[in-house]
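Okay, so here's the structure we're looking at.
Numbers restart at 1 for each chain; the letters A, B, ... are given by sequence-line order, proteins then strands.
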Amino acid sequence: MPIAADAITEARAQGLGPLDYLRQRGYVQDVSDPEGLRRAFAEGVVTAYVGFDPTAPSLHAGHMLGMMMLASLQRFGHRPIALGGGGTALVGDPSGKTSTRAIVSEAEIRSNLERILPQFARYLDFEGGRWGGNPPALLLNNADWLLELRYIPFLRDIGRYFSVNEMLAAETYRTRLESTGLNFVEFNYRLVQAYDFLHLFRTEGCALQMGGSDQWGNITAGVELIRKADGGHAFALVCPLLTTASGEKMGKSEGNSVWLDPELTTPYDFYQYWINVDDADVVRLLRLYTFLPEKLIVELTAATGEGLREAKRTLAREVTALAHGQDAVDAAEAASRALFGGAPDADDPNIPTTEISAGQAAEMTVADVFVVAGLVASRGEARRKAVEGALWLDGERVAEVDEPFRPGAADALLRFGKKRYRRIRIVFG
RNA sequence: GGGCAGGUGCCAGAGUGGUUAAAUGGGCCUGACUGUAAAUCAGGUGCGAAAGCUACGGUGGUUCGAAUCCGCCCCUGCCCA
């Protein structure tokens with residue numbers, strides 16, 4: 001069972017405010033005006049936003065930090081806005097990029113946004129009242145106001161507040177200038193994002209923007225714009241950019257992103273991703289990606305060595321429950337137990353399964369089957385990996401990969417490497 | 001608009017007529033060891049059973065043969081205007 005939003009109930013009981021909670025959990029790398037923000041939180045409902053770039057048809061694990069920050073604030077009774085960057089994605093943020101971003105079409109961005117919507121609903125409450133008196137979350141798309149902008153008025157009303165000297169001195173732009181250069185569209189990204197913040201400040205009373213630390217410059221640009229244009233007071237808060245203990249970007253698995261869309265990353269694989277994190281990362285991830293109370297986290301991670309696996313299991317369970325719901329957790333756990341609890345039990349219904357027709361199966365070699373299951377990329381790879389002893393079929397090491405596929409039953413359990421399983425099911429008719 | 005330097009595999013970066021599916025490094029994958037961890041050591045890393053095919057910005061040539069030479073085009077960086 002996942003434990004509800006208890007870290008926050010606990011924090012509130014201790015009189016801890018949102019800012020200190022976020023700090024304690026490790027979300028805070030930098031805040032523009034901590035005292036002012038603390039006061040704002042204490043005085044009333046604060047509206048805060050995080051922008052999400054819809055350049056892919058799903059959010060991935062890297063976006064979860066932003067959602068967790070919004071979700072935490074909402075549980076404190078504040079008001080989150082998830083902003084789909086339908087307009088900004090057309091511009092392309094040069095931050096942290098060594099080369100110009102691929103251009104994504106407007107239609108693609110729109111369809112991506114639609115597909116992403118339900119993912120927010122798992123983290124945020126769009127109805128309101130789910131955690132006491134919290135206000136409903138809001139989902140907006142900046143294309144709605146950015147695409148209408150007129151160039152000359154924008155330059156005159158917004159552009160005048162930006163100093164080119166200052167922008168050129170900024171880390172993001174400077175590194176790009178020194179390496180691959182920067183085109184004008186990218187140079188404008190900061191203005192556009194700052195304008196978003198101003199727009200939300202005006203229309204929604206939004207006073208806080210959060211994001212990853214690579215967004216610091218863009219976010220504070222918005223804070224300054226709000227001050228210069230409207231004399232308003234707004235805040236910036238950024239979280240550290242997460243890398244795993246081995247230095248990889250968080251949320252990558254086998255070089256691929258871990259997606260929140262179950263079509264792109266099955267809930268089983270999602271669960272497995274969290275089970276497989278490094279020992280050194282568990283505490284931090286529990287704090288950032290779950291709402292488990294601090295005391296429990298400390299207890300769980302007091303263990304050393306193999307004992308940490310229980311903490312990882314809890315992590316996987318909690319994170320998967322948030323992303324996919326409790327049913328998905330149960331299924332993923334059942335499959336994991338079946339596959340990793342001693343001798344793999346191929347009969348468990350929850351093991352991810354690829355179906356092929358009897359007709360197809362009759363014409364396939366063993367290598368083909370591994371390809372179809374998505375475990376290897378090509379027959380050539382299947383062959384190489386078989387030589388290395390990495391392929392297993394129903395518990396037997398595969399020696400000859402070019403032989404016809406003749407399973408002993410309708411179901412066959414494939415395994416690639418130590419821990420990647422997929423069942424092949426032959427269906428008739 | 002002018003001058004110069006470039007565009008190579010996931011990334012960085014060699015190669016400047018054949019023996020180059022393309023050095024080297026990183027990344028990634030696998031094996032052994034293990035705890036579905038880390039570290040370490042070893043192997044692999046375009047597709048194809050093979051013949052062969054595809055690949056060095058695009059395109060058209062030269063040549064028995066081109067990533068390598070020539071023409072045109074596109075793109076990037078630097079300098080000048």
Rounded interatomic separation in angstrom, taking [atom1] from [X] and [atom2] from [N]:
X	N	atom1	atom2	result
A:D279	B:rG35	CG	P	12 Å
A:I275	B:rG35	CD1	P	16 Å
A:R383	B:rG44	CZ	P	17 Å
A:I351	B:rU36	CD1	P	17 Å
A:K385	B:rU45	NZ	C1'	7 Å
A:E388	B:rG43	CD	P	11 Å
A:L315	B:rA37	CG	C1'	13 Å
A:R422	B:rU36	CZ	C1'	15 Å

Quiz item: salt bridge (charged side-chain N to carboxylate O under 4.0 Å, His left out) between A:R150 and A:D157: does it pass, once the steps are laid out?
Solution: CA-CA 11 Å; A:R150 288 182 305 147; A:D157 299 337; over 6 Å; no

Suppose you measure atom [atom1] in [N] against the same atom in [M]; what distance do you get, rounded to whole Å?
N	M	atom1	value
B:rG26	B:rG71	C1'	38 Å
B:rG58	B:rG65	C1'	22 Å
B:rA66	B:rG18	C1'	9 Å
B:rC11	B:rC28	C1'	11 Å
B:rA5	B:rC69	P	13 Å
B:rG31	B:rC78	C1'	48 Å
B:rU62	B:rG2	C1'	31 Å
B:rC56	B:rU68	C1'	10 Å

Watson-Crick or G-U counterpart of [N], or none if no pair lies under 3.5 Å:
N	result
B:rC69	B:rG61
B:rA50	none
B:rA81	none
B:rU20	none
B:rG27	B:rU45
B:rU40	B:rA32

Quiz item: Below 4.5 Å, heavy atoms only, C-beta onward: do A:M67 and A:L59 meet side chain to side chain?
Solution: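 A side-chain contact exists here, since the closest heavy-atom pair is under 4.5 Å.
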
Quiz item: Which one, B:rC29, B:rG31, B:rA37, comes nearest to the side chain of A:R420?
Solution: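 Nearest nucleotide to the side chain: B:rC29.
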
Quiz item: With respect to the side chain of A:N276, which nucleotide from B:rU30, B:rC33, B:rA37 is positioned closest?
Solution: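 The listed nucleotide nearest to A:N276's side chain is B:rA37.
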
Using only heavy-atom distances, determine whether the side chains of [X] and [Y] contain a donor-acceptor pair under 3.5 Å.
X	Y	result
A:D330	A:Q326	yes
A:Y161	A:E224	no
A:T88	A:Q193	no

Quiz prompt | Under-4.0 Å side-chain N/O to phosphate OP1/OP2 contact, A:K419 with B:rG35 | solution =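 No.
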
Practice problem: Examine B:rC47: is either OP1 or OP2 under 4.0 Å from a nitrogen or oxygen in the side chain of A:R379? Give yes or no. | Solution: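 For B:rC47, neither OP1 nor OP2 has a side-chain N or O of A:R379 closer than 4.0 Å.
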
Sugar-phosphate, base or nothing in reach of [X], heavy atoms under 4.0 Å:
X	answer
A:R309	base
A:T365	nothing
A:R415	nothing
A:G305	base

Quiz item: So which one's nearest nucleotide on RNA chain B is more toward 5', A:S378 or A:S336?
Solution: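 The residue whose closest nucleotide sits nearer the 5' end is A:S336.
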
Quiz item: Between A:L391 and A:R337, who's closer to the 5' end of RNA chain B by nearest nucleotide?
Solution: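 In this pair, the answer is A:L391.
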
Quiz item: Roughly how far apart are A:N188 CG and A:R190 CZ, rounded to 0.5 Å?
Solution: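 With rounding to 0.5 Å, CG (A:N188) is 11.5 Å from CZ (A:R190).
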
Practice problem: Identify the two heavy atoms, one from A:V238 and one from A:G212, that lie closest to each other, and give their separation to 0.1 Å. | Solution: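 Reported closest heavy-atom pair: CG1-O, 3.4 Å.
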
Quiz item: Is there any salt bridge (Lys or Arg N to Asp or Glu O under 4.0 Å) pair reaching into residues 364-378 of chain A, and which pairs are they, with sequence neighbours excluded?
Solution: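 Pairs touching residues 364-378 of chain A that pass the test: A:D368-A:R379.
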
Using atom names, set out every protein N or O paired with an N or O of nucleotides 77-79 of chain B below 3.5 Å, distance rounded to 0.1 Å.
unit_1, atom_1, unit_2, atom_2, d
B:rG77, OP1, A:T180, O, 3.1

Exercise. May I have the step-by-step check of salt bridge (charged side-chain N to carboxylate O under 4.0 Å, His left out) for A:R384 and A:E381, ending in yes or no?
Key: CA-CA 5 Å; A:R384 287 191 297 267; A:E381 186 182 7; 5.5 Å; no

Exercise. Using the six-membered ring wherever Trp is involved, compare the ring planes of A:Y27 and A:Y21 and label them parallel, tilted or perpendicular (cut-offs 30° and 60°).
Key: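 Tilted.
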
